[in-house]
2 protein chains.
Amino acid sequence: MKAALEREDFKALRIAKAGNVNLKQLSQLLGLSQTTVSRALNGYPEVNAETRERVLDAVRRTGYRPNRAAQRLATGRAGSIGLVMPTADGHDSDVHFGEFLAGLGDEAVRHDFHFVINPSHPDDEEATCKRLVASGNIDALFIAYMREKDPRVALLKSLSIPFIVHGRSIGIPTDYPYLDIDNTGAFHDATKLLVQLGHRRIALLNGPAHFAFAIRRKKGMEAALAEAGLRLDESCVQHTPMTDEHGFAGMKRFLELPERPTAILCSSTVLALGAVRALNQAGLRIGADVSLIAHDDVLPMLKPENFSVPLTTTRSSLRSAGSRIAKRLISRILNLETLPEQELWKAELIVRASTGPAPR
Amino acid sequence: MKAALEREDFKALRIAKAGNVNLKQLSQLLGLSQTTVSRALNGYPEVNAETRERVLDAVRRTGYRPNRAAQRLATGRAGSIGLVMPTADGHDSDVHFGEFLAGLGDEAVRHDFHFVINPSHPDDEEATCKRLVASGNIDALFIAYMREKDPRVALLKSLSIPFIVHGRSIGIPTDYPYLDIDNTGAFHDATKLLVQLGHRRIALLNGPAHFAFAIRRKKGMEAALAEAGLRLDESCVQHTPMTDEHGFAGMKRFLELPERPTAILCSSTVLALGAVRALNQAGLRIGADVSLIAHDDVLPMLKPENFSVPLTTTRSSLRSAGSRIAKRLISRILNLETLPEQELWKAELIVRASTGPAPR
DNA sequence: CCGCTCCCTCAAAGCGCTTTGGGTGATGAG
DNA sequence: CTCATCACCCAAAGCGCTTTGAGGGAGCGG
């Protein structure tokens, strides 16, 4: 009895939803076959232009919308792209993820694509990827938070599913599609600026050491220091999650060093937030006693220009990256391979008041 | 019998290797009809317990996974829930959204549900809802950021699609399913605490005035003030987006008032961030010269206990709310109406160092 | 041993779309 | 006048699942 009721409910739902016409009705209305209508709609060439116009017009009038589930079943295409969201109970979720998602979603929805967001413990991402692909309800996968020699790349290649990587791994061939920013270059330039301002002892508040972007940023920094005949003291480097909390603690540790750094690079404005707090607490003037540069992902809630002392930054919009990746992913799914395989975006160095000449 | 089993094992292995098994193959493997297998899988009562066990075992061995598209087509159920993400080019995306999503996603993925995330200009949400429902590829809708007399409630009721509201509207009957926190109570209690500490002039850094939660929080505050024979001066209230930037600007304005408030309530820790900055800049000691209480959504990147002066807060986890809403939404879709229609969560008042006796 | 429930299982009919493999009439060439 | 060639269009066969309506076998009372 209960089951029967349920079934009826669903039928009702279906009909309510259906308010829509279906292909069959539409074709009857037009006096055409379903084939022809379908072809007209999907842009096949063997349909008379006039017929196609007639079909399109009927679609407009009836408000016909193809049933996605039926399309998916018939084509075998799922119409959705998979994301692995690194999060777990008791594990910090990443602010940067939301912003990225905004860009991705914006673009995806334009093509009527769904997401399958699969939360996963950060250490379990490989298995999650596998499961997600095996589930068969995604057409393409997006992965991020790349690590050194990241095993997911090989995995995805072997799974023969379109995918795009946000970032790049290190230590494996880069023959996969990616979108990355030039982290090395960005932190090289930032460091160079500090060196030119006379800084000799520069510290780095970096993201977790296993992430490729963190490794590259450090490398860029070291390169710029080397050019000036300097080297990066390991005591001046900290790898932590990119939260306010760790920024604060990290900066405090720097300030306790016997030979205090005069300038600090931060891998995120969120880290910088805590760092600034520590500096204020220590009574140090930013831009005078200590210089600060942060990488800015353009998080709308945290603008570097609004810091008490506006922050010099290397900027690259995370949202744009999301949007771009969605675009490329979808065009790969639809086999419109016109977009480039690999992209490296330059970050923009924007000088504000948090950087000044080294104190003497 | 034994031989048959072995043969089955062998076949199973081969099929598993070959790729995905489908229902037909699975039923052939078992020597059952598709109907029976389907029923066994979907928990229908008319299947022998032993048979069901046999089926389940075969599923395990073959790694069979039902094709979602086919299921959706056959049942008319889309297997996904719709979200409207308030964001647009040039419009701030909300940090709180990401955190909420983490909870929602975590729960949804457990039931193999998808999302359809539809970004929308905040002023265009009604139309977006309509479009989303009409698209026919969601089974249920979630809406948030409720406003006074929110037209979306009536809209969704008329569309006869399961939905849950995060928050509650104001000025319309509350006969719809929602999950809200007791904003009135939370800010009532917070204000009461301040009053007890001797504060007489208390200000409010609130979210945008059109949001119901903001209205309720203000109301709660006014009630507590009234109980003490006080009233809320309009110059002591500010409605702004909940960003660091606005927190800073808002607090600055408060500090410029002829009669400066001695305590401030913030609708978000993000607002508090900027507010604290302004206080520091003005050289005021938090917890001594000025008391501060913020509402804490438990954003992992911004913990109130890590503020330079740990923040007294009213706490309610946004992630838990997301998770809970997903659970209820899914159970409504599956017609397991065991969960309550309406829930009001109490926020927890946690006293830390940012509140102290009023200065004299 | 018959007949009648219960259980359990089955074959087959959709769900709405895409796609294959023809057809048909008009056109132009031979 | 015939035949190949287009340009259009069609009927029908899936895609993999759920669900209906019906059938077969075991167990029981008569």
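Computed from a predicted model, the values in this text were never measured in an experiment. Residue numbers begin at 1 in each chain, while the letters A, B, ... track the order of the sequences.
The distance between atom CG of L73(A) and atom P of dG16(D), rounded to the nearest whole Å, is 7 Å. In this entry the distance linking CD of E53(B) with P of dC8(C) reads 15 Å, nearest Å. For the pair R52(B) CZ and dC7(C) C1', the interatomic distance rounds to 13 Å; values are reported in whole Å. As rounded to whole Å, 12 Å separates atom C1' of dA13(D) from atom NZ of K24(B). Counting to the nearest Å, the P atom of dA7(D) and the CZ atom of R39(A) are 14 Å from each other. Following rounding to the nearest Å, R77(A) (CZ) and dG16(D) (P) show an atom-to-atom distance of 15 Å. The CD-P distance, from E46(A) to dT20(C), rounds to 10 Å in whole Å. Atoms CG (L41(B)) and C1' (dT9(C)) sit 16 Å apart, rounded to a whole Å.
Salt bridge K157(B)/D175(B): present, at least one basic N to carboxylate O contact under 4.0 Å. At a threshold of 4.0 Å, the pair R54(B)-D57(B) does not count as salt-bridged, since none of the basic side-chain nitrogens sits closer than that to a carboxylate oxygen.
Distances shown here put a side-chain N or O of Y64(B) below 4.0 Å from the OP1 or OP2 atom of dC17(D). A close approach under 4.0 Å does occur between a side-chain nitrogen or oxygen of Y44(A) and OP1 or OP2 of dT19(C). A close approach under 4.0 Å does occur between a side-chain nitrogen or oxygen of Q71(A) and OP1 or OP2 of dT18(C). S38(A) has a side-chain polar atom (N or O) that falls below the 4.0 Å cut-off from OP1 or OP2 of dT18(C). OP1 or OP2 of dC9(D) has not a single side-chain nitrogen or oxygen of N48(A) nearer than 4.0 Å. For the OP1/OP2 pair of dC10(D) and a distance below 4.0 Å, the side-chain nitrogens and oxygens of T36(A) include at least one atom meeting the criterion. A close approach under 4.0 Å does occur between a side-chain nitrogen or oxygen of S33(B) and OP1 or OP2 of dC10(C).
R72(A) comes within contact range of no nucleotide atom at all, as no heavy-atom separation falls under 4.0 Å. As judged by a 4.0 angstrom heavy-atom cut-off over every strand, T35(A) is placed among the base-contacting residues.
Considering only the side chain of T51(A), dC8(D) comes nearest among dT9(C), dC8(D), dC17(C). Taking every side-chain heavy atom of N22(B) into account, dC17(D) is the closest of dT18(C), dC15(D), dC17(D).
No more than 12 heavy atoms of other residues, nucleotides or ligands shown are found within 6.0 angstrom of NZ on K24(A).
Nearest heavy atom pair, residue F142(A) against residue H166(A), reads CE1-CB, 3.4 Å.
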Go through I138(A) and I161(A) one step at a time and tell me if the side-chain contact (heavy atoms from CB on, under 4.5 Å) criterion holds. CA-CA 9 Å; I138(A) 61 169; I161(A) 185 173; 4.0 Å; yes
